[in-house]
Amino acid sequence: MSEFTVTVFRLAFFVILWLFVLGVAGVLRRDIFGPRRAGAKRGGRKSRRGGSASAPTPPPTPAPASRQAPAPAAHAHPGTIRVTDGPLAGQSLMLSGAPVTFGRAPDNTIVINDDFASSHHARISAKNGAWLLEDLGSTNGTIVDGSRMTGPIQLRIGTRITIGHTTLETQS
């Protein structure tokens with residue numbers, strides 16, 4: 001091969017290597033700091049948390065109607081969430097008015113030490129008298145009753161939530 005061809009291959013390899021390194025850095029940033037969110041305007045520039053002043057990110061698409069339909073009145077509102085499988089099995093948490101967060105970061109309500117859980121993975125919060133589960137842009141997603149969630153889901157008693165190797169269930 002000519003010296004020119006070897007130089008072109010070296011340059012191409014160098015570019016591919018740096019694209020890989022930047023991709024890994026992006027995944028690590030998202031896993032450590034959470035997903036980018038639309039922020040306040042800062043002189044037309046993108047904010048530190050992502051999004052731009054002129055083009056906010058669209059809201060997440062709602063889950064299918066069958067998932068958001070309220071359950072019968074006797075079983076509509078869960079009062080606790082219990083860990084049924086995983087390292088924290090047996091623990092339970094009473095749902096009060098405060099949001100409940102899940103993930104690897106120590107500032108979460110329930111800390112899940114699992115490689116498949118993001119630092120800030122999911123959140124349960126009260127909205128209009130019901131409990132809603134939201135995925136916070138996690139890398140591996142949140143599974144609800146065997147299906148990967150695509151938007152906020154209203155929780156009912158008996159809803160099974162899987163984050164990595166941990167399974168939680170809502171109870172009365």
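The basis for the numbers below is simple: all heavy atoms, side chains too, and nothing from hydrogens, waters or symmetry mates.
Side-chain contact between Ile163 and Ile143 is absent, with no heavy atoms from C-beta onward closer than 4.5 Å. Contact annotation: the side chain of Thr101 never approaches that of Ile110 to less than 4.5 Å [non-hydrogen atoms, C-beta and beyond]. The side-chain heavy atoms of Val83 and Thr166, taken from C-beta on, include a pair separated by under 4.5 Å. Proximity of Phe102 to Thr109: side-chain heavy atoms (C-beta onward) are nowhere separated by under 4.5 Å. For the pair Asp107/His120, a side-chain contact is recorded, criterion being any heavy-atom separation below 4.5 Å from C-beta on. Here the side chains of Thr170 and Thr80 are not in contact, with every heavy-atom distance at 4.5 Å or above. Between Ile153 and Asp145 the shortest side-chain heavy-atom distance does not fall below 4.5 Å. Counting heavy atoms from C-beta outward, Phe9 and Met1 have side chains that approach closer than 4.5 Å.
Between the side chain of Asn108 and the main chain of Val111, no donor-acceptor pair closer than 3.5 Å is present. Proximity of a side-chain donor or acceptor of Thr167 to a complementary backbone N or O of Thr162 within less than 3.5 Å is not detected. A donor-acceptor pair under 3.5 Å is formed between the side chain of Ser119 and the backbone N or O of Ile32. Judged by distance alone, the side chain of Ser138 and the main-chain N or O of Asp135 form no donor-acceptor pair under 3.5 Å.
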Could you walk me through whether Thr84 and Leu168 satisfy the side-chain contact (heavy atoms from CB on, under 4.5 Å) test, starting with their C-alpha distance in whole Å, then the side-chain angles of each, then the deciding distance to 0.1 Å, before giving a yes or no? CA-CA 5 Å; Thr84 58; Leu168 307 107; over 6 Å; no
Derivation and outcome, side-chain contact (heavy atoms from CB on, under 4.5 Å), residues Val144 and Leu133: CA-CA 9 Å; Val144 176; Leu133 173 68; 3.5 Å; yes
Show the numbers, then the answer: is there a side-chain hydrogen bond (donor to acceptor under 3.5 Å, both in side chains) between His121 and Thr142? CA-CA 8 Å; His121 197 98; Thr142 304; 3.2 Å; yes
Might you work through the side-chain contact (heavy atoms from CB on, under 4.5 Å) test for Arg30 and Thr139, ending with a clear yes or no? CA-CA 8 Å; Arg30 187 173 70 177; Thr139 304; 3.9 Å; yes
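Cluster membership check: Leu17 does not share its hydrophobic cluster with Leu11, using side-chain heavy-atom separations under 4.5 Å among Ile, Leu, Val, Met, Phe, Trp and Tyr. Met94 is not connected to Leu155 by any chain of hydrophobic side-chain contacts under 4.5 Å among Ile, Leu, Val, Met, Phe, Trp and Tyr, and they are in different clusters.
Closest non-hydrogen pair, Pro99 versus Ser125, comes out as CB-CB, 4.2 Å. Ser172 and Ile157 get closest at one heavy-atom pair: CB-CD1, 3.6 Å. Contact detail for Pro152 and Glu134: the closest heavy-atom pair is CB-CG, 4.1 Å.
A salt bridge between Asp31 and Arg104 is present, with a side-chain N of the basic residue lying under 4.0 Å from a carboxylate O of the acidic one. The residues Arg160 and Asp85 are annotated as not salt-bridged, no charged nitrogen and carboxylate oxygen being separated by less than 4.0 angstrom.
Counted within 6.0 Å of CG on Asp115, heavy atoms from surrounding residues, nucleotides or ligands total 12 or fewer; the atom is thus considered open.
By the ring-ring contact (aromatic ring centres under 6.0 Å, His included) test, Phe116 is found to be paired with His165, residues two or more places apart in sequence or in another chain being considered.
Separating the CG atom in Leu136 from the OG atom in Ser118 is a distance of 9.0 Å, to the nearest 0.5 Å.
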